Number of protein chains: 2
Amino acid sequence: MARSGTTKKVTRIQREKIEQILNAALDVFSIHGFRGATIEMIASQAGLSKPNILYYFDSKEAIHTELLENLLDAWLDPLEKLSPDGDPVEEICSYVHRKLEMARDFPRESRLFANEILQGAPRILEDLKGQLRELTDTEAKIIESWAKQGKIRPVNPYHLIFSIWATTQHYADFDVQVHAVLADRADGWFEQASQFLDTMYRATLTPDKG
Amino acid sequence: MARSGTTKKVTRIQREKIEQILNAALDVFSIHGFRGATIEMIASQAGLSKPNILYYFDSKEAIHTELLENLLDAWLDPLEKLSPDGDPVEEICSYVHRKLEMARDFPRESRLFANEILQGAPRILEDLKGQLRELTDTEAKIIESWAKQGKIRPVNPYHLIFSIWATTQHYADFDVQVHAVLADRADGWFEQASQFLDTMYRATLTPDKG
DNA sequence: TGAATTTCTGACCAATTGGTCAACATTATG
DNA sequence: CATAATGTTGACCAATTGGTCAGAAATTCA
């Protein structure tokens with residue numbers, strides 16, 4: 001059959017196998033990147049044969065594309081939830097918390113994204129310059145307005161957002177390093193990180209008295 | 001000849017070509033990762049033929065190894081310069097600044113490192129668990145002692161360090177994303193980031209009054 | 001200058017890899 | 001239960017890739 005665009009009945013087997021393949025592909029692509037991954041790796045991870053993979057997807061690229069498309073929406077979702085009406089410091093801290101949870105619960109997705117960006121984002125640069133840029137502009141304006149009202153310390157909103165992305169995704173993308181450094185302390189990393197980031201962003205955002 | 005360990009006279013041509021090759025290899029590996037890079041890419045980037053590359057290095061792996069070995073020392077250097085006797089907040093802020101300069105001046109090295117970690121650090125895990133872990137422990141103790149003396153706000157020193165690595169390296173590793181989001185504002189990114197991070201870490205570290 | 005040494009390359013090899021296909025196996029369905 | 005539709009695979013192909021090698025070209029040095 002080969003997964004092309006046309007609307008066709010999707011059988012139970014198709015649903016299951018496609019799910020299996022995407023899951024295995026996420027494992028493989030998130031570690032090895034696009035060029036470093038092979039269809040054979042994905043097949044073996046999924047417990048299927050190589051031709052069987054290519055029965056469900058037209059090509060290696062098609063699998064990768066599918067994963068990236070699913071990814072971007074989920075990835076941007078937490079940012080959209082910044083509410084202009086809430087308490088600014090709480091809004092931002094809970095955004096940090098949501099992002100940290102994502103690093104914990106979806107590390108493969110984080111690494112897939114990191115791999116793509118590291119390679120110059122060849123397949124999603126347009127989305128970054130479109131969707132992501134617009135969304136970030138919107139949220140930056142909210143943050144800026146909070147600053148103007150004196151509700152938070154005046155900081156560059158874009159770099160505040162970058163720092164949140166960086167500090168939270170770090171726990172997924174650099175997981176190996178975090179564990180190597182923390183060694184036996186690594187068990188509680190999530191709570192420690194959560195607490196530290198909370199402290200840091202509260203201190204950063206709470207305006208000086210006077 | 002083939003670069004093996006034995007001590008041998010190094011000619012002018014050898015010095016130059018090896019330099020050329022490593023430089024080209026840094027370009028290629030930092031973007032495509034180890035498996036994604038090919039000797040042909042490196043050769044073409046260096047303006048040499050493929051067999052010529054293999055005349056100077058035993059294998060693709062040998063080039064990669066050489067780069068990683070050179071990298072780790074340079075990478076850890078700024079951390080070693082935290083002086084227990086200086087003013088704590090200034091010491092940490094100037095560490096942040098040095099790391100941000102490295103992200104600006106050596107983005108390829110940052111990406112090479114990021115690629116390696118993302119892939120599970122197969123070639124440097126031992127160094128991370130040894131050198132890096134020890135060094136981090138040492139610096140963490142210094143930071144902890146500052147906190148105990150009330151010179152900085154008490155925060156988890158490891159996660160403070162992680163946050164510094166994350167926020168600074170982000171500008172090298174996620175460069176494409178930063179530029180996509182900042183668009184025409186991207187020109188001044190270094191000064192903006194420097195200022196933001198300075199504000200953030202001063203706010204985080206300066207102890208509360210009372 | 002000319003022999004010794006170093007540098008360089010075209011041609012080649014074997015392994016890997018993305019992808020195809022004919023035929024076989026299984027599952028759905030009239 | 002027979003037949004059509006769907007699912008699966010071994011065998012295969014062409015392109016890519018890491019690496020070799022004999023010998024040609026350039027460089028060094030006595």
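To find a chain, count down the sequence lines: A is the first, B the second, and so on, and within it residues start at 1. What you see is a predicted model, and the numbers here were worked out from it, not measured in a lab.
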(request) Could you check how far CG of B:Asn52 sits from P of D:dA26, rounded to whole Å? (result) 13 Å
(message) Please list, in numerical order, the residues of residues 30-39 of chain B that have a heavy atom closer than 4.0 Å to any atom of DNA chain D.
(response) B:Ala37, B:Thr38, B:Ile39
(message) Just N and O in the side chain of B:Tyr55: are any of them under 4.0 Å from OP1 or OP2 of C:dT7?
(response) yes
(request) Could you tell me the separation between the CG atom of A:Leu48 and the P atom of D:dG10, rounded to a whole number of Å? (result) 12 Å
(request) Specify the residue among B:Ile13 and B:Glu40 whose closest nucleotide of DNA chain D lies further upstream toward the 5′ end. (result) B:Glu40
(request) Consider the side chain of B:Thr11, meaning its heavy atoms from C-beta on, and name the nucleotide among D:dG7, C:dT27, C:dT7 that approaches it most closely. (result) C:dT7
(request) Measure from CD1 on A:Ile21 to C1' on D:dT8 and round the result to the nearest Å. (result) 12 Å
(request) Taking the side chain as every heavy atom from C-beta outward, state whether A:Leu68 and A:Phe29 have any pair of such atoms under 4.5 Å apart. (result) no
(message) Is any side-chain heavy atom of A:Arg202 closer than 4.5 Å to one of A:Cys93?
(response) yes
(message) Between B:Glu116 and A:Val176, is there a side-chain heavy-atom distance shorter than 4.5 Å?
(response) no
(message) Is it the case that D:dG19 (base atoms only) and B:Lys50 (side chain only) share a donor and an acceptor within less than 3.5 Å, ignoring hydrogens and angles?
(response) yes
(message) Could you check whether A:Lys129 pairs with A:Glu134 (Lys NZ or Arg NE/NH1/NH2 to Asp/Glu carboxylate O, under 4.0 Å)?
(response) no
(message) Which nucleotide wins on minimum distance to the side chain of B:Pro51, given the candidates C:dT27, C:dA11, C:dC21?
(response) C:dA11
(message) Under the criterion side-chain contact (heavy atoms from CB on, under 4.5 Å), I'd like the reasoning laid out for B:Ile142 against B:Glu91: C-alpha separation, chi angles, the key distance, then a yes or no.
(response) CA-CA 11 Å; B:Ile142 296 177; B:Glu91 285 293 320; over 6 Å; no
(message) Just N and O in the side chain of B:Gln14: are any of them under 4.0 Å from OP1 or OP2 of C:dT7?
(response) yes
(message) Any carboxylate oxygen within less than 4.0 angstrom of a Lys/Arg side-chain nitrogen, looking at A:Lys141 and A:Asp137?
(response) no
(message) Tell me whether the side-chain N/O atoms of B:Ser49 come closer than 4.0 Å to OP1 or OP2 in C:dT9.
(response) yes
(message) Rounded to whole Å, please give me the gap between CZ in A:Phe57 and P in C:dT20.
(response) 15 Å
(message) Measuring centre to centre across the rings, with the benzene-like ring taken for any Trp, is A:His97 within less than 6.0 Å of A:Tyr201?
(response) no
(request) Counting heavy atoms from C-beta on, name the nucleotide in C:dG18, C:dT20, D:dG7 closest to the side chain of A:Lys60. (result) C:dG18
(message) Check the phosphate of C:dT6 against B:Arg12, side-chain N and O only, distance under 4.0 Å to OP1 or OP2. Yes or no?
(response) no
